[in-house]
Amino acid sequence: QIAAAGLDVTEPEPLPTDHPLFKLKTCVILPHIASATVATRNAMAALAASNLLAGLQGKAMGKEIDKEVLDAAGSNLKTISTLSVGVDHLALEEIKKRGIRVGYTPDILTDATAELSVALLLAVCRRLPESVEEVKNGGWTTWKPLWMCGYGLSGSTVGIIGLGRIGQAVARRLKPFGVKKFLYTGSRPKPENAVEFQAEFVPLAKLAEESDFVVVTCSLTPDTKGVCNKDFFSRMKKTSVFINTSRGAVVNQEDLYQALVSGQIAAAGLDVTTPEPLPTDHPLLSLKNCVILPHIGSATYATRSAMSVLAANNLLAGLKEESMPSELQL
Ligand code: NDP
């Protein structure tokens with residue numbers, strides 16, 4: 001009837017190996033691979049991830065993956081893929097116990113988050129939001145020597161809580177501003193991370209006492225929860241500036257509020273708060289010396305797109321029981 005046939009798609013798929021079509025020399029059958037080039041499948045993963053992101057835009061997403069969510073998901077849940085490097089929203093012990101794998105997105109968001117940390121630091125120490133407001137509300141009148149003065153980085157000491165990927169990227173960007181000295185804390189000294197900045201490993205109390213700028217870039221763990229508290233702020237200089245781009249719970253916000261109101265520290269900039277979003281009547285929002293951003297550390301188009309592709313590829317690899325591009329070691 002016809003000379004020959006070539007099929008990339010069959011019914012069913014896969015076609016049973018004893019199917020009569022396989023016996024014919026005039027019939028060539030492929031395993032549904034029409035789009036299977038590395039470039040095409042990568043592009044498809046990127047587009048699917050972008051579609052997913054667009055679909056999620058504007059939807060309220062519960063962030064916590066706790067025991068209750070895991071119980072509801074049941075034993076079919078094999079893989080979790082988070083669009084973040086922070087994993088404090090995942091009940092890791094419980095996840096490990098159930099043999100669930102976790103993909104996350106380190107490295108590719110480091111530059112964007114460090115850039116935002118520096119932008120926030122500069123906005124706070126040079127009082128940019130206040131200055132913009134003064135231009136709009138008529139507060140800008142004659143030139144006055146000390147009006148809208150802030151604190152500069154030149155000759156300063158910068159203390160970094162958590163000299164990890166983002167902490168180092170922040171230090172790298174701040175160094176050319178003329179920072180005199182870098183201090184850092186962590187669970188142990190990391191000479192390999194510190195050498196580029198000749199950063200000195202110090203106890204938290206010393207970091208608070210000696211820094212002109214404190215930048216928090218550690219992960220949120222039981223050890224770091226609430227470490228920036230009354231004792232910490234009381235040790236900081238009255239002229240110092242506090243920046244947090246890690247997680248809100250590293251900071252005791254009541255204590256931070258008191259430190260800002262009482263003039264114990266000069267100013268603060270937060271990209272992360274507890275809770276998120278911060279209620280619009282929160283006391284911190286009434287302070288001129290506190291700048292709060294809505295958790296936008298990694299929010300550049302390129303970074304979010306790269307995060308989406310990595311998260312999608314992690315998920316695909318997890319589902320196929322292959323090694324993930326970025327798997328969290330539990
Ligand atoms: P890394 O794992 O590279 O760095 C985390 C750092 O935290 C390490 O240097 C670690 O130091 C430090 N740390 C852990 N315990 C302590 C402690 N007790 N005291 C001080 N430091 C400690 O992670 P990243 O740099 O990639 O990311 C850091 C965090 O930034 C993320 O966990 C996330 O919460 C936050 N983040 C926020 C974003 C935003 O939008 N604002 C975007 C991206 C990330 P050590 O190894 O010595 O323990």
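Whatever order the structure lists them in is the order used to number ligands and atoms, beginning at 1.
- When Ser187, Gly248, Pro294 are checked for heavy-atom proximity to atom 47 (O) of ligand 1, Ser187 turns out nearest.
- Nearest residue to atom 21 (N) of ligand 1 from Ala169, Gly164, Gly186, Ser117 is Gly186 (criterion: closest heavy atom).
- Checked against a 3.5 angstrom limit, the closest N/O atoms of Gly167 and ligand 1 fall outside it.
- With respect to Arg127, the side chain to side chain contact (heavy atoms under 4.5 Å, CB included) criterion is satisfied by exactly one of Lys288, Glu134, Met148: Met148.
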Walk me through it: do Phe213 and Tyr151 pass the test ring-ring contact (aromatic ring centres under 6.0 Å, His included)?
CA-CA 9 Å; Phe213 298 87; Tyr151 301 96; 7.8 Å; no
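- Per-atom contact check: atom 10 (C) of ligand 1 does not touch the protein, criterion being a heavy-atom distance below 4.0 Å.
- Residue-ligand proximity, Asp271 to ligand 1, at heavy-atom distances under 4.0 Å covers atoms 39 (C), 40 (O), 41 (N).
- Phe242 places none of its side-chain heavy atoms less than 4.5 Å from the side chain of Leu121.
- Here the closest heavy-atom approach between residue Ile108 and residue Leu310 is recorded as CD1-CD2, 3.5 Å.
- The closest protein non-hydrogen atom to atom 42 (C) of ligand 1 is Thr113 OG1, 3.4 Å.
- Below 4.0 Å from some heavy atom of Ser298 lie the following atoms of ligand 1, by number and element: 40 (O).
- At least one N or O atom of Thr245, backbone or side chain, sits closer than 3.5 Å to an N or O atom of ligand 1.
- When heavy-atom distances to ligand 1 are checked against a 4.0 Å cut-off, Thr217 comes that close only through its backbone atoms N, CA, C and O.
- The line from CG of Leu70 to CG of Asp66 is 7.0 Å long, rounded to the nearest 0.5 Å.
- For atom 3 (O) of ligand 1, the nearest non-hydrogen atom of the protein is Arg165 N, 2.9 Å.
- Within the structure, ligand 1 lacks Pro106 among the residues with a heavy atom less than 4.0 angstrom away.
- The ligand atoms of ligand 1 that sit less than 4.0 angstrom from a heavy atom of Thr224 are 15 (N), 16 (C), 17 (C), 18 (N), 19 (N).
- The two residues Arg101 and Glu327 come nearest to each other via the heavy atoms NH2-OE1, 2.8 Å.
- Counting only heavy atoms of the protein, atom 46 (O) of ligand 1 lies nearest to Lys190 NZ, 2.3 Å.
- At least one heavy atom of Val85 sits closer than 4.0 Å to an atom of ligand 1.
- For atom 29 (C) of ligand 1, the closest non-hydrogen atom of the protein is Cys218 O, 3.5 Å.
- Side-chain atoms of Asp223 and Thr221 form no donor-acceptor pair, as typed in the model, at a separation below 3.5 Å.
- With a 4.0 Å cut-off on non-hydrogen atoms, Arg188 touches ligand 1 through its backbone and not its side chain.
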Given the rule in the salt bridge (Lys or Arg N to Asp or Glu O under 4.0 Å) test, do Glu94 and Lys97 qualify, once you have shown the distances and angles that lead to the verdict?
CA-CA 5 Å; Glu94 199 61 39; Lys97 212 162 68 190; 3.4 Å; yes
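- Only the backbone of Leu163 comes within 4.0 Å of ligand 1, judged by heavy-atom distances.
- Looking at Ile166 against ligand 1, both its backbone and its side chain come within 4.0 Å, counting heavy atoms.
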Pair Glu210, Arg235 - check salt bridge (Lys or Arg N to Asp or Glu O under 4.0 Å), show working.
CA-CA 9 Å; Glu210 296 190 1; Arg235 291 172 188 273; over 6 Å; no
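- Crowding of Arg126 atom CZ: a count of heavy atoms from other residues, nucleotides or ligands under 6.0 Å not exceeding 12.
- The single protein non-hydrogen atom nearest to atom 36 (N) of ligand 1 is Arg247 NH1, 3.7 Å, given as residue, atom name and distance.
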Should Asp212 and Lys181 be marked as a salt bridge (Lys or Arg N to Asp or Glu O under 4.0 Å) after you check the CA-CA gap, both sets of side-chain angles, and the distance that decides it?
CA-CA 10 Å; Asp212 300 299; Lys181 187 164 190 189; over 6 Å; no
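- Here the shortest heavy-atom distance to atom 39 (C) of ligand 1, taken over Lys225, His295, His89, belongs to His295.
- Side-chain contact check for Ser75 and Lys78: no donor-acceptor pair (N or O, by modelled atom type) lies under 3.5 Å.
- Under 3.5 Å, the side chains of His295 and Glu276 contain a donor-acceptor pair of N or O atoms.
- An N or O contact shorter than 3.5 Å links Ser219 to ligand 1 by distance.
- Near Gly86, with a cut-off below 4.0 Å to any heavy atom, the atoms of ligand 1 are 32 (O), 33 (C).
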